[in-house]
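Some notes on the structure that comes next.
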2 protein chains.
Amino acid sequence: MHAQVPDGYDPRAFEPFAVTVDLAVFTLRDDRLHVLLVRRGEEPHRGRWALPGGFVLPRESADTAARRELAEETGLSAGTAAHLHLEQLRTYSEPDRDPRMRVVSVAYAALGPDLPEPRGGGDAADARWLPYGTQGALAFDHDAILADAHDRVGAKLEYTCLATAFCPPEFTLGELRRVYEAVWGVALDRPNFRRKVLSAQGFVRPAQGPPRLTGGRGKPAALYRAGGATALHPPLLRPERRETTT
Amino acid sequence: MHAQVPDGYDPRAFEPFAVTVDLAVFTLRDDRLHVLLVRRGEEPHRGRWALPGGFVLPRESADTAARRELAEETGLSAGTAAHLHLEQLRTYSEPDRDPRMRVVSVAYAALGPDLPEPRGGGDAADARWLPYGTQGALAFDHDAILADAHDRVGAKLEYTCLATAFCPPEFTLGELRRVYEAVWGVALDRPNFRRKVLSAQGFVRPAQGPPRLTGGRGKPAALYRAGGATALHPPLLRPERRETTT
DNA sequence: CCTGTTTATAGTCAGGGTGACTCTTAAGAA
DNA sequence: TTCTTAAGAGTCACCCTGACTATAAACAGG
């Protein structure tokens, strides 16, 4: 762009753009994938669910704005929100995506372990975790943003160690497997999943201490922590995709 | 964001944001990866190379703006530019990335077969293809954008059929292989590459007609066209990555 | 106390994909 | 004619994976 800026160009000659962030925040509750949504209290789309988000402030980057909104909307302590995985998805800029004004929105996907119910603190009329797939039609173009976010998360589970971001600091391989099953919506073979995860170096490392004292059914499982790796090679491909190959 | 817009909110209360697109346009020339750069004729960064780009107009989406700038800056006919592969990378929004004003830039990666030298038409003082890696320090944060674009293209070669976008409508497997070698900077085993590409359904399909009449050295090669598939399963992994695995 | 259920963990086996490698064919260049 | 270059066919062993079986260790219910 910069090469075309004429000398003395006045940015205010253009209709101003508002720049916002929209957040698709995922978590796992009861082994189901949930999304954080807010109910709109204003027109347009009053009463419909929408993704949380807000304006990028004049001295903020979009990343900073997304992190700030994440803390505000989830009602988590700033320290907790700072540790959630947050990554930029893409930018939505159709001229009429918001009927009120020209709004360019940088979308983010965020995810974390079983997060608490959002506290009502904030201007949002009503914020809630909804099981993914049950949210109906969202406001604005948020259906497309949410679908893109889900696609991205599902794809990144294949070739990165992102799944550990859905888990608490210490977790069992069963919990990790249920992350994959919830996001992909498929059942995975338990022994094969275990072999794959343990053979991928840097994905998980054993946590010292006794097997979990949990009251869950079945044999107690060993606890693991996230390893240092971010990439997963070779990838852990979804079962579905195999049809495309063969 | 929308949940937070107070009634009667005046967007002009904020310092306006300028929204631009920046393009990382790649092509192959002489089996080397080249990137399209423009030399800045204005301060700041006068005389340095920068990515082509421009403002998003008030009634345009960023995608439309990127497509328009692509045609303008490459000097290609609108029809040709319309067929180049173009995809959004991510958005760069650091508050001080442009010292003159608040500019949020949506970056795109574009690529096409051996493209012609950019014609001087346009306001850009000087636009040129430079071999990737020889461009030195670019203006603004364009070094980071270009590196991100290169990473993205390299990664997408692994698990998509993107490589055919670097090739003319009909191409040999040798040309396709040189796309991978140029982008990844590695040598690939010829027979294995051939086996892999031909066994992946939808990647390429044979073009009828005689083997190429080319004047190149060696045995004439069969011609292929891009298949209909976009995803490549299983992926064609870079040789380097294997160290991470094993 | 025994039995059935649930989950974790160990192990086996066959098939497919891949890397490494060899060989033949067909063109141009010297 | 001979050398060089690249296409294309084929081989072989290894590793990963999916499918499957078996055992261990907890809880629930009779």
Side-chain angles (χ1 to χ4, degrees), chain A residues 31 158-159 167 170-181 184 186-201 203-204 206-207 209-224 232-246, chain B residues 30-31 157-159 167 170-182 184 186-201 203-204 206-207 209-224 231-246:
Chain A
D31 297 338
E158 293 191 321
Y159 55 92
C167 295
E170 299 202 332
F171 52 88
T172 68
L173 295 186
E175 290 170 335
L176 188 66
R177 181 171 43 81
R178 281 186 283 274
V179 170
Y180 280 87
E181 292 179 332
W184 288 349
V186 299
L188 298 179
D189 181 83
R190 195 165 13 212
N192 289 342
F193 180 83
R194 175 187 185 80
R195 177 182 58 191
K196 175 72 183 172
V197 170
L198 292 182
S199 71
Q201 60 178 19
F203 195 177
V204 299
R212 166 170 294 193
L213 310 173
T214 175
R217 283 191 292 266
K219 179 177 173 178
L223 290 174
Y224 293 85
L232 184 58
H233 285 276
L236 204 167
L237 298 176
R238 301 157 139 103
E240 280 85 348
R241 296 275 182 96
R242 306 189 67 249
E243 310 159 17
T244 317
T245 307
T246 314
Chain B
D30 301 318
D31 296 337
L157 288 187
E158 291 191 322
Y159 56 93
C167 295
E170 299 202 330
F171 52 88
T172 68
L173 294 185
E175 291 169 336
L176 188 66
R177 181 172 43 81
R178 281 186 284 274
V179 170
Y180 280 87
E181 294 179 331
W184 288 349
V186 299
L188 298 179
D189 181 83
R190 194 164 16 210
N192 289 343
F193 180 83
R194 175 190 187 78
R195 177 183 57 190
K196 174 71 184 172
V197 169
L198 292 182
S199 71
Q201 60 179 19
F203 195 0
V204 299
R212 167 170 291 192
L213 311 172
T214 176
R217 282 192 292 265
K219 178 175 173 178
L223 290 174
Y224 293 85
L232 184 58
H233 285 276
L236 204 166
L237 298 175
R238 301 155 138 106
E240 280 84 350
R241 296 275 182 95
R242 306 189 67 251
E243 309 158 17
T244 316
T245 306
T246 315

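None of these values were measured; they are calculated from a predicted model.
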Quiz item: Is it true that a side-chain atom of Y224(B) and a backbone atom of L173(B) form a donor plus acceptor pair closer than 3.5 Å?
Solution: no

Quiz item: How many angstroms lie between atom CZ of R178(B) and atom CG of L188(B), to the nearest 0.5 angstrom?
Solution: 11.5 Å

Exercise. Taking only the side-chain heavy atoms of A221(A) (C-beta and beyond), determine which of dA8(C), dA25(D), dG8(D) contains the nearest atom.
Key: dA8(C)

Self-check item: L176(B) CG to dG8(D) C1', straight-line distance once rounded to whole Å
Solution: 15 Å

Quiz prompt | Interatomic spacing from CG in L157(B) to CZ in R238(B) - rounded to 0.5 Å | solution = 7.5 Å

Quiz item: H233(B) NE2 to dT17(D) P: how many Å, rounded?
Solution: 15 Å

Quiz item: Given dG19(C), is OP1 or OP2 found less than 4.0 Å from the side-chain N or O atoms of R195(B)?
Solution: no

Quiz item: Separation of L237(A) atom CG from dG16(C) atom P, in whole Å?
Solution: 17 Å

Practice problem: Measure the distance from CZ on F193(A) to C1' on dT9(C) and round it to the nearest whole Å. | Solution: 14 Å

Self-check item: Between dT11(D) (C1') and R190(B) (CZ): distance, integer Å
Solution: 18 Å

Quiz item: Whole-Å distance between dA8(C) P and L198(A) CG?
Solution: 13 Å

Quiz item: Taking for each residue the nucleotide of DNA chain D with the nearest heavy atom, is it N192(A) or G218(B) whose nucleotide lies nearer the 5' end?
Solution: G218(B)

Quiz item: Phosphate oxygens OP1/OP2 of dA6(D): is one of them under 4.0 Å from a side-chain N or O of R217(B)?
Solution: no

Quiz item: Could you give the CZ-to-P distance, from F171(B) to dA7(D), as a whole number of Å?
Solution: 14 Å

Exercise. Give the intermediate values and the outcome of side chain to side chain contact (heavy atoms under 4.5 Å, CB included) for residues L176(A) and F203(A).
Key: CA-CA 11 Å; L176(A) 188 66; F203(A) 195 177; 4.1 Å; yes

Quiz item: Which residue lies toward the 5' end of DNA chain C, K219(B) or D189(A), if each is placed at its nearest nucleotide?
Solution: D189(A)

Quiz prompt | Residue-phosphate contact under 4.0 Å: R194(B) side-chain N/O, dA9(D) OP1/OP2 | solution = yes

Practice problem: Can you measure from CG (D189(B)) to NZ (K196(B)) and round to the nearest 0.5 angstrom? | Solution: 14.0 Å

Quiz item: Between atom CZ in R178(B) and atom P in dT5(D), what is the gap in whole Å?
Solution: 14 Å

Quiz prompt | Presence of K196(A) side-chain N/O under 4.0 Å of dT17(D) phosphate oxygens OP1/OP2 | solution = yes

